[in-house]
Amino acid sequence: MVGTSEVIKSPFLDLDNGAVVAKILADDFDPRTVVPEPLPPVVMTNGEDHGECDGDEEVLVDEKMKAKREIVLGRNVHTTCLAVTEPDVNDEVTGDKEAFMASVLARYRKTLLERTKYHLGYPYNLDFDYGALGQLQHFSINNLGDPFIESNYGVHSREFEVGVLDWFARLWEIEKDEYWGYITNCGTEGNLHGILVGREVFPDGILYASKESHYSVFKAARMYRMDCVKIATLVSGEIDCSDFKDKLLPNKDKPAIINVNIGTTVKGAVDDLDLVIQTLEESGFSHDRFYIHCDGALFGLMMPFVKRAPKVSFKKPIGSVSVSGHKFVGCPMPCGVQITRLEHINALSRNVEYLASRDATIMGSRNGHAPIFLWYTLNRKGYKGFQKEVQKCLRNAHYLKDRLRESGISAMLNELSSTVVFERPQDEEFVRRWQLACQGNIAHVVVMPNVTIEKLNIFLDELVEKRSTWYQDDKVHSPCIAAEVGAENCVCRIHKC
């Protein structure tokens, strides 16, 4: 609980005898103002210097980078939240509370517009317009239970949901009578469900996942109390099938449940599905002794439209595929799609009399609006529309990578990806301004359909200007990130020679 001494001053709060009370409107309140985000201090500890190259005696990085970097958590929103207060007795007459809330929302909208302008690090497509669906916001649409079995609750959107599922089933080449799926609340739920189905099919199975898999995969292992084996990765971020084979052989007596990444979180690397299957077969695992879940959160929808890309298809011995709906498709709320084989779902499902339906999902109540938003976009764009957007993203990603390299900045772009990896900016304020996703010594920009060349140029110009101040001292140089992106992509003072 936040004490009064910890409360950050805000135009929405006032201190009255030591208690926090809501003010209707401060004298200086301006709904057009963008609320700045306070930055937490960078947490540094003594440790290994990851920014230096072996054999070089000069200082290659700023003094700040000599300490081991730890995770920097964001601000504590509890200290700046908007209080919920009771209306005044005469509020129905004065309307002060309504005016106050309208002003708060107006300012919040201004903040959203401003933050959207500087959004590059996370894989969300912000280019959408769902104005036509505003008429549905007055309804509580809840898709309880199984999407294919209508429940007693009549305000649902199953017709839209199953239509969306059929579209993805065609994309991943599985017949209508052979698949089961549902619209999830996010990509994590898709992973949780896919891995749960794998565990129900093989209760004594071991989960295998590369170390660059999404954190939700390892969360699933903890939740389900599964034995989990981490597999090494190549510099690209792709699973190392040589190490995979080494980890499989000692456990030949137990079935294998494998998470295959169709685009890793940080580097956008695509695991070679065919090589994973080949490795399993060479290690003595027949198709009835392994279950493959494909985590295609972002690239699961992009890959079908990339030439020469390996195919994700249920014609191969895979068990499930999941994608996020709020990423490449573009949706105002988190959502996703999960599809598995119908033959597997009976191991998980239970009939529920209360619903007059079957329960086979992770969540009971599910957002009934999300399928409508997905259905709307899929109909508007179609396969050809998505193909054009994929090509645009890949072109712009190559443009960004080339501009970074021309500016003397280490950068990597995997062949099938629109995620550009580069050296982590030293300035945390710059990182938060552009909402960059960082890990260790690297950061990335995910080029989505809403990311234009103009936006990338603004980012690049700002980054180059900032770097001129970070490395203005001749004894301070940019860090070596060869270990993260490969020597051929690193342009530190050692590798550019």
Side-chain angles (χ1 to χ4, degrees), residues 48-56 60-62 65-66 68-69 71 120-123 210-214 230-243 261-272 298-299 306 393-428 430-431 434-448 451 456 459-460 463-464 466-467 470-471 476-497:
E48 178 186 356
D49 183 356
H50 296 288
E52 296 188 15
C53 299
D54 293 337
D56 186 44
L60 299 181
V61 290
D62 192 350
M65 299 298 292
K66 284 188 175 180
K68 183 179 179 181
R69 187 188 300 273
I71 296 174
L120 283 178
Y122 294 88
S210 82
K211 67 178 185 179
E212 298 203 28
S213 298
H214 190 260
K230 281 189 180 182
I231 311 300
T233 55
L234 307 176
V235 173
S236 65
E238 181 182 339
I239 189 171
D240 183 346
C241 282
S242 175
D243 185 59
N261 295 304
I262 313 302
T264 56
T265 308
V266 176
K267 297 181 180 178
V270 177
D271 293 342
D272 190 330
L298 172 59
F299 295 111
V306 178
C393 291
L394 295 180
R395 282 198 308 270
N396 290 354
H398 279 278
Y399 173 81
L400 173 60
K401 187 261 293 182
D402 292 342
R403 279 287 312 273
L404 287 167
R405 296 292 292 272
E406 290 168 5
S407 302
I409 303 173
S410 301
M412 178 187 77
L413 174 62
N414 278 308
E415 181 184 3
L416 304 173
S417 175
S418 67
T419 299
V420 181
V421 182
F422 57 100
E423 64 186 55
R424 181 175 186 155
Q426 285 199 23
D427 187 346
E428 288 298 323
F430 179 84
V431 168
W434 285 98
Q435 301 163 67
L436 301 178
C438 301
Q439 181 173 287
N441 292 323
I442 58 176
H444 75 206
V445 164
V446 185
V447 179
M448 299 299 286
V451 177
L456 292 176
F459 167 75
L460 285 161
L463 177 59
V464 170
K466 289 284 187 182
R467 289 181 89 253
W470 301 336
Y471 306 122
V476 179
H477 302 279
S478 58
C480 173
I481 59 171
E484 290 88 352
V485 301
E488 69 277 12
N489 296 308
C490 183
V491 293
C492 73
R493 207 165 63 86
I494 297 300
H495 290 99
K496 72 178 180 180
C497 297

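Throughout, residue positions are numbered sequentially from 1 according to the sequence presented.
- Every residue meeting the side-chain hydrogen bond (donor to acceptor under 3.5 Å, both in side chains) condition with Y399, not counting sequence neighbours, appears here in chain and number order: R403, N457.
- The two atoms that bring P479 and C492 nearest to each other are O-CB, 3.8 Å, heavy atoms only.
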TODO: Please report the C-alpha distance between C241 and D272 in whole Å, then the side-chain angles of each, then the deciding distance to 0.1 Å, and finally whether the side-chain contact (heavy atoms from CB on, under 4.5 Å) criterion is met.
DONE: CA-CA 9 Å; C241 282; D272 190 330; 5.8 Å; no
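- At least one donor-acceptor pair under 3.5 Å links the side chain of D271 to the backbone N or O of I239.
- At least one side-chain heavy atom of T419 sits less than 4.5 Å from a side-chain heavy atom of F299.
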Open item on the list: Apply side-chain contact (heavy atoms from CB on, under 4.5 Å) to residues E212 and Q439 and explain how you reach the verdict.
Closed with: CA-CA 11 Å; E212 298 203 28; Q439 181 173 287; 5.6 Å; no
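- Atom-to-atom distance recorded for L456:CG and K401:NZ is 14.0 Å, nearest 0.5 angstrom.
- Heavy-atom minimum distance, V235 versus A483: CG1-O, 4.5 Å.
- If you check the side chains of N261 and S210, you find a donor sitting under 3.5 Å from an acceptor.
- Of all heavy-atom pairs spanning E488 and R405, the tightest one is O-NH2, 3.2 Å.
- A salt bridge does not link E484 with R424: none of the charged nitrogens is closer than 4.0 Å to a carboxylate oxygen.
- Shown here for V491 and I409, the closest heavy-atom pair between the two residues is CG2-C, 3.4 Å.
- Contacts of E406 classified as salt bridge (Lys or Arg N to Asp or Glu O under 4.0 Å), with partners at least two apart in sequence or in another chain: none.
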Open item on the list: Applying side-chain contact (heavy atoms from CB on, under 4.5 Å) to L413 and L400, what does each step give before you reach the verdict?
Closed with: CA-CA 9 Å; L413 174 62; L400 173 60; over 6 Å; no
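- Side chain of N396 to backbone of V447: no donor-acceptor contact under 3.5 angstrom is found.
- For C438 against V431, the heavy-atom pair with the smallest separation is SG-CG1, 3.7 Å.
- Side chains of L298 and M448 form a contact here, defined as non-hydrogen atoms less than 4.5 Å apart.
- Counting only distance, with no hydrogens or angles, the side chain of K267 and the backbone of S417 share no donor-acceptor pair below 3.5 Å.
- Residues S410 and I481 share a closest heavy-atom pair of CB-CD1, 3.6 Å.
- Note that OG of S478 and CD of Q426 are 9.0 Å apart. Values are rounded to the nearest 0.5 Å.
- Take K211 and apply the salt bridge (Lys or Arg N to Asp or Glu O under 4.0 Å) test, not counting sequence neighbours, and it matches no residue.
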- [ ] Could you give me the CA-CA distance, side-chain angles and deciding distance for V445 and F422, then say whether side-chain contact (heavy atoms from CB on, under 4.5 Å) is met?
- [x] CA-CA 8 Å; V445 164; F422 57 100; 3.7 Å; yes
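- Atom SG in C490 sits 12.0 Å away from atom CE in M412 (nearest 0.5 Å).
- Within the model, atoms CZ of F459 and CG of L436 stand 5.0 Å from one another, a figure rounded to the nearest 0.5 Å.
- Within 6.0 Å of CD in Q435 there are more than 12 heavy atoms belonging to other residues, nucleotides or ligands.
- Between the D240 side chain and the S242 main chain, a donor and an acceptor come within less than 3.5 Å of each other.
- Proximity of a side-chain donor or acceptor of H214 to a complementary backbone N or O of T264 within less than 3.5 Å is not detected.
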